[in-house]
Amino acid sequence: MAKYHLQVAHGRSICDAPAFSHNRWHPDIAAVLHIKSGDTVEIATRDSLDGQIRPDTPASDLAERSLDSAHVLTGPIHVEGAAPGDLLAVHILDVITPAHGFTVVLPGLGLLKDIFNTPFLLHWELADGYASCRDLPGIRIPGAPFMGVMGLAPSRQRLLSVNRREAAAARAGALVFPPLAKRAVPALPTLANEAWRTVAAHAVGGNMDVRQLIAGATLHLPVDVPGALFSTGDAHFAQGDGESCGTAIETSATLLARFELLKGAAHARRQTAPSWFVPGPPRQDGVQGYFATTGLSVDVHDVIHAGDATLAARNATLAMIDMLGHDYGLSPEQAYCVVSVAGDLRISSIVNTPHALVSVVLPRAIFAGSARDLAASNAYSN
């Protein structure tokens, strides 16, 4: 299988050097690379704020920084043969980070935005698998690098549907980042005026901030458009579940990933949202490997309930029930009970407005005696 490389111009804004990059989601953004199932790509990415915060940036300058170009994504990557109804498996081989990261509190963002409304900035030195900060003496944060944003292009139908429901949520008082032509890349007004911003997660992925998607994990994304059109960015050296203040240890990174097309798998599984799989012991949990489904805070009437983690948990649980029925032959009632006795609900993101994103995590070890376990594992984790 082939191996490809995508590079970006570090130190230059995406607006000045847009090659291989974009900062909006839209099905008409042209692919920068065409690959086949089984190919590996080394993908360089800028940090989420497009290099606006450098190691010498003081907190007093934060007011001059713009969120209009966030997040900066590398891609899209076209996967030959991908079509709606398929799953794209993104096997994460490595996430390589540089020596600097930052965490920032920005007014109007974060779980406690009503309380913390003054800009605040921490600079981190990243070395030997840990992050340290001169303003936090004696504290070291273990590294677990991952990409906060990984996703596929939406269909035009989904694009417009989400725009309508987000506009309704905004009218109801939710904080929403609507389409915006300013600093959009690509800058074509006909595209930028309807393209999604990158703040929220969606059914096709996006700003999920699932911290377990480290090297060794596999992300499954339902394909919405021919070619899938995968993009990534918003690298984090480390993050807690939920990303409470609105940022993690933000940094640039290089993602090394192998892409595998699972024909018809989304249709067969009735999968309409991202799922993920970790085959070996994760760095922070100590179990033998697990898989997870995800849910957003959108109800059956396609109405957003901003930040509603309970609704997101319901949707993630229903997705897990479907998955267990397809993969292990469990009835809905059996699957519901299995989730209750062995599953964990994790708030993967609570700040990527207007959605909450919850993962239901289930350990593989409970299926060790199941005749269907090997087949289920092989089908989605190769």
Participant: Mind checking who shares a hydrophobic cluster with Val303, ILVMFWY linked at side-chain heavy-atom distances under 4.5 Å?
Facilitator: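 Taking Ile, Leu, Val, Met, Phe, Trp and Tyr as members, Val303 stands alone, with no cluster partners.
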Participant: Between Val278 and Val361, is any pair of side-chain heavy atoms under 4.5 Å apart?
Facilitator: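 Result no, sub-4.5 Å side-chain heavy-atom pair not found.
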Participant: Check whether Leu126 and Leu136 end up in the same hydrophobic cluster, where Ile, Leu, Val, Met, Phe, Trp and Tyr are linked by side-chain heavy atoms less than 4.5 Å apart.
Facilitator: yes
Participant: Do the side chains of Ile53 and Val72 join up, straight or via other hydrophobic residues, at under 4.5 Å, putting them in one cluster?
Facilitator: no
Participant: Quick check: closest heavy atoms across Ala273 and Thr294, and the distance to 0.1 Å?
Facilitator: CB-O, 3.8 Å
Participant: On a heavy-atom basis, which atom in Glu260 and which in Ser37 lie closest, and how many Å separate them?
Facilitator: CA-OG, 3.5 Å
Participant: Does a donor on one side chain and an acceptor on the other come within less than 3.5 Å for Ser297 and His355?
Facilitator: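 Judged by distance alone, the side chains do not pair up.
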Participant: Does Phe177 have more than 12 heavy atoms from other residues, nucleotides or ligands lying within 6.0 Å of its CZ?
Facilitator: yes
Participant: So, applying side chain to side chain contact (heavy atoms under 4.5 Å, CB included) with Leu73, which one of Arg46, Met150, His22 is it?
Facilitator: His22
Participant: If you group Ile, Leu, Val, Met, Phe, Trp and Tyr by side-chain heavy-atom gaps below 4.5 Å, do Trp124 and Phe120 land in one group?
Facilitator: yes
Participant: To the closest 0.5 Å, what do you measure between NE2 (His326) and CD (Gln271)?
Facilitator: 10.0 Å
Participant: Nearest 0.5 Å please: distance from the CG atom of Leu88 over to the CG atom of Leu261.
Facilitator: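 Spacing of CG (Leu88) from CG (Leu261) equals 6.5 Å.
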Participant: Are the side chains of Leu152 and Val225 in contact, using a 4.5 Å heavy-atom criterion?
Facilitator: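 A side-chain contact is absent here, since even the closest heavy-atom pair is not under 4.5 Å.
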Participant: Which residues satisfy the ring-ring contact (aromatic ring centres under 6.0 Å, His included) test with Phe146, sequence neighbours excluded?
Facilitator: His236
Participant: Would you call Val162 and Pro154 a side-chain contact if the rule is heavy atoms closer than 4.5 Å?
Facilitator: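 The answer is no, as the side chains (C-beta and beyond) never meet within the 4.5 Å cut-off.
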Participant: Looking at His34, I'd like to know if its NE2 atom is crowded, meaning that more than 12 non-hydrogen atoms belonging to other residues, nucleotides or ligands lie closer than 6.0 Å.
Facilitator: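 Count over threshold, so yes.
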Participant: I'd like to know whether the aromatic ring centres of Trp276 and Tyr290 sit less than 6.0 Å apart in this structure.
Facilitator: yes
Participant: Apply salt bridge (charged side-chain N to carboxylate O under 4.0 Å, His left out) to Arg314 and Asp299, showing your working.
Facilitator: CA-CA 10 Å; Arg314 285 174 55 89; Asp299 68 21; over 6 Å; no
Participant: For atom CD1 of Ile29, decide whether the heavy atoms of other residues, nucleotides or ligands shown that lie under 6.0 angstrom number more than 12.
Facilitator: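 Enclosed.
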Participant: For Glu42 and Thr254, run side-chain contact (heavy atoms from CB on, under 4.5 Å): C-alpha distance rounded to whole Å, both residues' side-chain angles, the deciding distance at 0.1 Å, then the answer.
Facilitator: CA-CA 7 Å; Glu42 188 177 84; Thr254 296; 3.4 Å; yes
Participant: Would you mind reporting whether Asn23 and Ile14 have side-chain heavy atoms less than 4.5 Å apart?
Facilitator: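 Of all side-chain heavy-atom pairs linking Asn23 with Ile14, at least one is under 4.5 Å.
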Participant: How long is the straight-line distance from OG1 of Thr251 back to CG of Asp234, given to the nearest 0.5 Å?
Facilitator: 10.5 Å
Participant: Would a 4.5 Å heavy-atom cut-off, applied to side chains only, mark Trp196 and Arg158 as touching?
Facilitator: yes
Participant: Check whether any side-chain heavy atom of His305 sits under 4.5 Å from a side-chain heavy atom of Val298, and report yes or no.
Facilitator: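 No - every pair of side-chain heavy atoms lies 4.5 Å or more apart.
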Participant: Does Gln334 have more than 12 heavy atoms from other residues, nucleotides or ligands lying within 6.0 Å of its CD?
Facilitator: yes
Participant: Donor-acceptor check, side chain of Thr103 to backbone of Thr247, threshold 3.5 angstrom: yes or no?
Facilitator: no
Participant: Is any side-chain heavy atom of Cys245 closer than 4.5 Å to a side-chain heavy atom of Phe116?
Facilitator: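 Of all side-chain heavy-atom pairs linking Phe116 with Cys245, none is under 4.5 Å.
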Participant: Side chains of Asp50 and Ser13: do they bring a donor and an acceptor to under 3.5 Å?
Facilitator: yes
Participant: Working to the nearest 0.5 Å, report the span between CG of Leu219 and OG of Ser275.
Facilitator: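 If we round to the nearest 0.5 Å, Leu219:CG and Ser275:OG are 7.5 Å apart.
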Participant: For the residue pair Phe259 and Phe230, categorise the inter-ring angle as parallel (less than 30°), tilted (30 to 60°) or perpendicular (more than 60°).
Facilitator: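 Correct class here is perpendicular.
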Participant: Give the cluster check for Ile139 versus Val105: same hydrophobic cluster or not, with ILVMFWY residues linked at side-chain heavy-atom distances below 4.5 Å.
Facilitator: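 They do share one cluster, since a chain of ILVMFWY contacts under 4.5 Å joins Ile139 to Val105.
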Participant: Verify whether one side chain among His26 and Glu194 offers a donor that lies under 3.5 Å from an acceptor in the other.
Facilitator: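 Distance-only check passes for His26 and Glu194.
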Participant: What about Leu256 and Val210, same hydrophobic cluster or not, with Ile/Leu/Val/Met/Phe/Trp/Tyr joined at side-chain heavy-atom distances under 4.5 Å?
Facilitator: no
Participant: Is it the case that atom CG in Asp16 sees more than 12 heavy atoms from other parts of the structure closer than 6.0 Å?
Facilitator: yes
Participant: His100 and side chain to side chain donor-acceptor pair (under 3.5 Å): which single residue from Glu250, His123, Glu125 fits?
Facilitator: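 By the side chain to side chain donor-acceptor pair (under 3.5 Å) criterion, His100 pairs with just one of Glu250, His123, Glu125: His123.
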Participant: Between Leu255 and Ile92, does a side-chain contact (heavy atoms from CB on, under 4.5 Å) hold up when you go through it step by step?
Facilitator: CA-CA 7 Å; Leu255 168 67; Ile92 301 163; 3.9 Å; yes
Participant: Could you tell me whether a side-chain N or O of Thr317 sits under 3.5 Å from a main-chain N or O of Ala313, the two making a donor and an acceptor?
Facilitator: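 Checked: pair present.
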